[in-house]
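All remarks here apply to the structure that follows.
Chain letters run A, B, ... following the sequence lines, proteins first and then strands; every chain starts at 1. Keep in mind the model is a prediction, meaning the values are calculated, not measured.
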Amino acid sequence: MHNLVSALQPGDTVPNGPLPDGSTLFERRGRPIILAFAPTEWDPAQAHQSAIFARLSQEFGSGVAFAEAAPEAWHSLDYRGELAIHLGVAGQRALLLLDEEGVLRWKTVVEPGQDIRPGQVLAALQALRPEPLDAPDLAAASTEVLTGGMSRRTFVMATLAAAALLALPSVVAAAPETALPSPPPTDNRSAMLPVELNINGKSHRLQLDPRTALLDALRENLHLTGTKKGCDHGQCGACTVHLDGHSALSCLTLAVMAQGKAITTIEGLAKGDTLHPVQAAFIKHDAFQCGYCTPGQIMSASALLADQHTRHGSAVEIREAMSGNLCRCAAYPNIIAAIQEAQRA
Amino acid sequence: MHPFQYQRAESGDQAVAVVAKNPDAAFIAGGTSQVDLLKEGVHQPSLLVDVAGLPLRQITDFEGGVRIGANATNTEAAYYPAIQARYPAVSEALLAGASVQIRNMATMAGNPLQRTRCPYFRDLDQPCNKRTPGSGCAAIGGYNHVHALFGASAACVATHPSDLAVALSALDARVQTTGPRGSRTIAFPDLHRLPGTTPHLDTVLEHGELITSIDLPAFAGRSHYLKVRERASYAYALASCAVALEMDGAKIKRARIALGGVAHKPWRATPAEALLAGQQPTEKLFQAAAAAAFADAKPLEHNAYKIPMGRNLLVRALLETSGLQPLQGPAGTAFAASVGGMAGQVATPN
Amino acid sequence: MLTEATGQPLDRVDGRLKVMGGARYTAEWDLPGLAYGALATSAIAHGKVRTLDIKAAQQAPGVLAVLTYLNAPRLQPMPEKVGGTLFRGEGGITETLQPLQDATIAYAGQPLAVVVADTHEHARYAASLVRITYDEAKPELDRATASRQTLPEAFTGSKEEPLQVTVGDPRSALAAASVKLERVYESAITHHNPIEQLATIARWEKRNGADYLTVYDTTRGVDTLQEVISASLNLPKDNVHIICPFIGGAFGSKGWLYAPALLTAMAARVVGRPVKIELRRQDMFSTAGQRGATRQTLSLGATRDGKLTSLQHDTQAQTSMVSGYTEPCARVSRMMYAVPNLGFAHHLSHLNLPSPCPMRGPGETVGGWALECAIDELATELNIDPVELRLRNYADKNPETGKPFSSKHLRECYARGQELIGWAARNPKPRSMREGNSLIGYGVATTMYPAARREASARATIFADGHALVQSATHELGNGAYTIFRQISADALTLPVNNVRFELGDSALPKAPTTGGSATTATVGPAATAASEAVLSALKQLAARDAKSPLFGASEEAIEARDGRLVRKANAAQGETYAAILKRAKLPSISAEGTAKPGDEREQFSFYSFGAVFAKVRVDEASGSIRVAQLCAVYDVGRLMNPQTARSQFIGGMSMGLGATLMEATHYDARNGRAVVRNLADYHVPSMADTPDILVEALNIPDPHISALGARGIGEIGCVGTPAAITNAVFHATGQRLRSLPLTPDKLLKALAS
């Protein structure tokens, strides 16, 4: 599927497409609308967005913004839905603001794993916002043409878009890359090595310090943060991954030495939305509390179940085989129950 | 971690040549011990030569015994049928050590080369002759709970932490190496040194000498490993012992005993071995042997508990190896080796 | 009518995220331009920095800055009090030392420099190049001879927690008692060791010309940290934003010690980039808090038939040179048994060791262990069954304050626990039971936990699509907060749980106290309810003013919420959905805040949870190895909000108690105060192989006084009681009284040899 939205730039007219209520985008012209594409799952790490939402509504005057914008003008859309497919954003989180003419005013597309940057949303809004910054008499200028030819009404919608974006479950946004401070160049590239890692079936080419542990390559360089750092010395098991199908500690593996091996991390265990049986059993048996050691526990447990020596182990054999994964919350009895359930599956 | 260059070895000879000519170079294979010590700053090589890819992973039957390639993992060796059946002490020592993940990574050559768990060795702000020759020994007069009863010196009271090494010592395994001066065979009990005045040298290996295999000689007797630890699993031994018994009818023809956690190397209890030879196995005999084994123990301030612990452990190991008492779990598994067993009501598997 | 969500074993709502690796913990925020900080720490425990050579570190590849006390930003002193909690002074909760402000060294491992570099590897290496010389002074490491010894008045300044108390005349009563028992119990230093290490990411921005600091931190108190950072850095509170949606375990840490967060904020300020500092595990043994060692003397006087006449519990606690934190060991003794003469004292020695802080069951875990072991010893002395002895001294009111308990069903706990473990079937004679190589023993202990409740606020928002969001600045650290507060909010809003979300972990949300003291459910639950009621009230007013609403003209009192609708009480058919009211009003959402706090009931009643713990152990005498075969516990903790997450917390607490009993100890070199146990290979936290089968039941009887929810807290009670149950079981198995935690093989072998 081509990504139509990625090709669209502010100022372009958005092609027609179906909304879930049976209407079409063109039929909606005459008033600005917001299209927000998001997964329906909930992510509590977005709570800070709600906080920004609260601050935004204070700064922009919630009464003004909300009273003028009817809720039906913004559309919270499933990112697996028809319009998402039509616009080429299926599976991606995206937010589009269309003005009265159906022209794209603001868009943001967030790759899986990316996150909102609060400062960027504020910066993006500031850019849309008319001068002066303080005490704008917004209500008095309902048809006034503002910065960039944007109508007062569209601006209010932009505010609402941001608010919606922040309040909706799992909707996150990144502002344009230009808003980022670019990191200063690293002054010592000479020591870096080209390293190619095969992770979850995908090849990644990196330039790494030879000292980089596989764990740090995953977490810091590739932002695959499901693999956890608990001790960094092979004494807790939180960093467990599979190397060629066997459980191994990524903290004691130099990334450069993991080349040529099939690396599986917790992010690669489920098949799409379908959990691995061990993952499902962990939820069912409440086999974790804080959740920090959990990816390592699950990687060990799934390897244990794939291994002929340990597959059919009794409770006491599970105890021994899983002892390399410390759980300070001590969900151990529930982990045993979860593994036994997965053994039966 | 100090900066280092990384090189993948092309062959054993090439790896040896490269390391031998650079006094700051080191081998790396499984990495479980090496990377830990790199992170601690205890090891600061300028060059790491990765020998993990060398074709040294095979385990094969050899001269009536078993030849274990240096790069075979601890897991592969532990579950190798001939080892589990004929040298259960080896499997027991391996499976009662570390964790599944570490055993999947650690190599058979690397395991006996792991370094002491003396806490002062790992603390760069404390003196340690093993880490920094001439700096002194903080463990003497310090916290010496896990330290040596035998063979220690005024320079070092550290113990060797490998479980595997204890079993290999009792079985008189042989270490095959290739080094700058060619290939040689080292009897396992001779591989590790006592600290003396040079505790920074753990083994007799020369710089650049690479282990290529560990050979288990033909053995028709029974062997067994027992280990005591403060946590039921995933902990180093406070004390351990490996016993290899060859019987002549109802009598002990030859007994070999190695004690772990009590010295700078697996400690062969030769007085006890001598006392057992030619005798009918009885509990009383075993107690006498255990008393003889620990007669020369020299405890420090915090490790005297290892004397009764080690004696009791040896008596039990002898009782279980000779068949006077049942094993606590199936031979060749962690359950046979783990003194005290796991928590919980369920009996160990049979 | 919807089924009530509270009381249901709802699967954790953050479960899917956690099993997929998608829950984001502090070190995992991906900030553009992130730099990495690494600490160089003190090699000595007492003295001053003489020289700091940072040249090599500065010149190392990738290094952006090296901060030391000579160049680091200046900090304001730690506040006296935050949120009513005493910070400074004897009995105060935190470390008052502000990092990198002067050359003074109070303990080994104290941060002395922060190196910031472009990569993790560069930062760590450069930190190893910082060369420090010292003017070393002899460290004070012995409680008995310490030059600074005090008698702190109150725990964290709380009026409800005096540390020096005498009721009646315990000394005379002891002298007059027909049976006397005086025993000394000692416990080792232990560390929380959550698997997630402490981490902070700090980012400075200019917003409208003002400095604005965002801090992602492994804190369980976003509001407290916001106050500490804003005060320390002299920033307006509103310009400091703290974020922490998930905590990888805390157990008492991550709440009251602030050096890592402050160091990160300082480093980010200096380099003008976001900076992350993730502690190493070894740093967790110096800058993350600990439970200090204790020496406790229990003096019991009793009649021949087992009635306690006197109980004196004196503690020698220890803290650092820069903290007044005192382990409140008499917390169980002060309330557990009906004894007319009761006294306790806490004596505090300041040492050159890292600062302690609360650790799961602060005071109760080791103080309760000492008391419950002493009671067991008395039972042996009197030849009375240990359960029976406890029943003979059963307290119906608090012996210190005279207040009745709000709700106490401890007798049922003892009775049911005896059934679960098979108490009657054991041979009560010590050293009488054996299986194979092992001696078998059974033990019992009473457990309790104060049922605290504090003030908290929440905001509830109902959206025009019928969903609702409830928020409060509390925390998820494995306690199930996301789950149970969703359940509580759903009930208050009469919505299905799937239509309600609960958010937390952000200082911009309505205020909640630092999560701890097993008080979160009782504190934030009523706040979520209050906010939900407030938003429903606003919605009622909206509907009543709308001529198109079937509720037009109705008074607020005449309207009630039912199944996601507002209806007339008199006629439930007259009503409409929340969504319909909002849509007609063209409102995308409606919000309201609510605050809840305890009231007069605290003056009338003594609030505690109770329980009985039973242990069966196997002791291998030859090696000194102790394994727990089974743990059974029955708890009276009020009404359970979620029996599944509650059971997990009980089990987790009991296992942590098991660890403290059998294996956990941090040793410091007695000559120089450096930790010699400072990694997870040498500090043993229980593994799965150490964890027995655990049978847990809760009576689930609502507390009629604590709040409308009837729920007391459950986070710590599992950790309390378990150590004494195991220790008493070891006595039953071996005939040996071990009075020093942990019960490692060396101690048992020594006892058996004597």
Side-chain angles (χ1 to χ4, degrees), chain A residues 188 191 193 195 208-215 231-237 239-261 296 299-301 303-304 307-310 312-326 332-333 336, chain B residues 1-8 28-40 47-48 50-53 73 75-76 78-79 84 95-106 122 229 231-236 329-330 333-335 337-338 341-350:
Chain A
N188 181 45
L193 285 179
V195 173
L208 292 180
D209 191 313
R211 290 172 287 188
T212 309
L214 176 59
L215 174 62
C231 72
D232 211 24
H233 287 274
Q235 298 159 354
C236 77
C239 69
T240 302
V241 297
H242 298 173
L243 294 182
D244 290 336
H246 299 288
S247 62
L249 298 175
S250 59
C251 77
L252 293 183
T253 303
L254 294 177
V256 66
M257 290 178 72
Q259 297 183 100
K261 293 184 175 164
M299 296 312 285
S300 280
L304 176 150
D307 184 329
Q308 52 161 338
H309 301 300
T310 49
H312 304 293
S314 64
V316 81
E317 286 169 301
I318 292 171
R319 275 190 171 91
E320 167 59 30
M322 289 294 294
S323 278
N325 289 83
L326 301 179
Y332 298 128
I336 295 170
Chain B
M1 225 187 280
H2 282 240
F4 54 77
Q5 291 191 308
Y6 168 85
Q7 244 185 56
R8 216 172 257 226
I28 184 167
T32 51
S33 184
Q34 184 72 277
V35 176
D36 174 33
L37 292 166
L38 292 171
K39 287 184 176 182
E40 296 273 18
L47 172 67
L48 276 184
D50 174 3
V51 296
T73 67
T75 302
E76 287 162 352
Y79 290 115
Q84 217 167 4
L95 294 173
S99 66
V100 172
Q101 296 95 310
I102 292 173
R103 298 195 293 266
N104 287 343
M105 299 166 71
R122 277 156 200 276
R229 39 191 162 177
R231 175 162 68 190
S233 182
Y234 199 21
Y236 291 93
T333 71
F335 305 101
S338 301
M342 309 293 133
Q345 295 277 57
V346 187
T348 51
N350 282 300

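B:Lys39 and A:Ala213 get closest at one heavy-atom pair: NZ-CB, 4.0 Å. The two residues B:Met105 and A:Thr253 come nearest to each other via the heavy atoms CE-OG1, 3.2 Å. Scanning all heavy atoms of the two residues, the minimum distance from A:Ser247 to B:Val100 falls at OG-CG1, 3.6 Å. Contact between B:Val35 and A:Cys251 at its shortest, heavy atoms only, is CG1-O, 3.8 Å.
In terms of non-hydrogen atom pairs under 4.5 Å with chain B, the most contact-rich of A:Asn325, A:Thr240, A:Leu249, A:Asp307 is A:Leu249. Comparing A:Cys236, A:Pro333, A:Gly260, A:Gly313 by how many heavy-atom pairs each has under 4.5 Å with chain B, the most go to A:Cys236. With chain B as partner, the option from A:Val256, A:Thr310, A:Val241 having the largest number of non-hydrogen pairs under 4.5 angstrom is A:Val256. Among B:Gly30, B:Ser233, B:Ala96, the residue making the largest number of heavy-atom pairs under 4.5 Å with chain A is B:Ser233.
A:Glu320 contributes atom CD, which lies 8.5 Å from atom OG1 of B:Thr333 (distance to the nearest 0.5 angstrom). A:Leu243 contributes atom CG, which lies 9.0 Å from atom CG of B:Asn104 (distance to the nearest 0.5 angstrom). One distance of note links CD of B:Gln34 with CE of A:Met257; it measures 9.0 Å at 0.5 Å rounding.
The closest side-chain heavy-atom distance from A:Arg211 to B:Pro3 is below 4.5 Å. Side-chain atoms of B:Arg231 and A:Leu326, non-hydrogen and from C-beta on, do get closer than 4.5 Å to each other. At a threshold of 4.5 Å between non-hydrogen side-chain atoms, the residues B:Gln101 and A:Ser300 count as touching. Looking at B:Met342 and A:Ser323, their side chains never come closer than 4.5 Å, going by heavy atoms from C-beta outward.
For chain B, no part of A:Ala303 is nearby; none of its heavy atoms comes within less than 4.5 Å. Only the side chain of B:Leu48 comes within contact range of chain A, judged by heavy atoms closer than 4.5 Å. Residue A:Leu304 does not touch chain B at all, counting heavy-atom pairs closer than 4.5 Å. In this structure, chain A has a heavy atom under 4.5 Å from the backbone of B:Ala29, while its side chain stays farther away. Heavy atoms of A:Cys239 lying under 4.5 Å from chain B are absent altogether. Contacts between B:Glu40 and chain A at a heavy-atom distance below 4.5 Å involve backbone atoms as well as side-chain atoms. In this structure, chain B has no heavy atom under 4.5 Å from any part of A:Asp209. Of the atoms belonging to A:Gln308, not a single heavy atom falls under 4.5 Å from chain B.
No more than 12 heavy atoms of other residues, nucleotides or ligands sit less than 6.0 Å from atom NE2 of A:His246.
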I'd like to know whether A:Leu254 forms a side chain to side chain contact (heavy atoms under 4.5 Å, CB included) with B:Phe4, so could you lay out the CA-CA distance, the side-chain angles of the two residues, the decisive distance to 0.1 Å, and finally the verdict. CA-CA 12 Å; A:Leu254 294 177; B:Phe4 54 77; 4.1 Å; yes

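Residues meeting the ring pair (Phe, Tyr, Trp, His ring centres under 6.0 Å) test with B:Tyr6, sequence neighbours left out: none. Take B:Asp36 and apply the side-chain hydrogen bond (donor to acceptor under 3.5 Å, both in side chains) test, not counting sequence neighbours, and it matches A:His233, B:Arg122.
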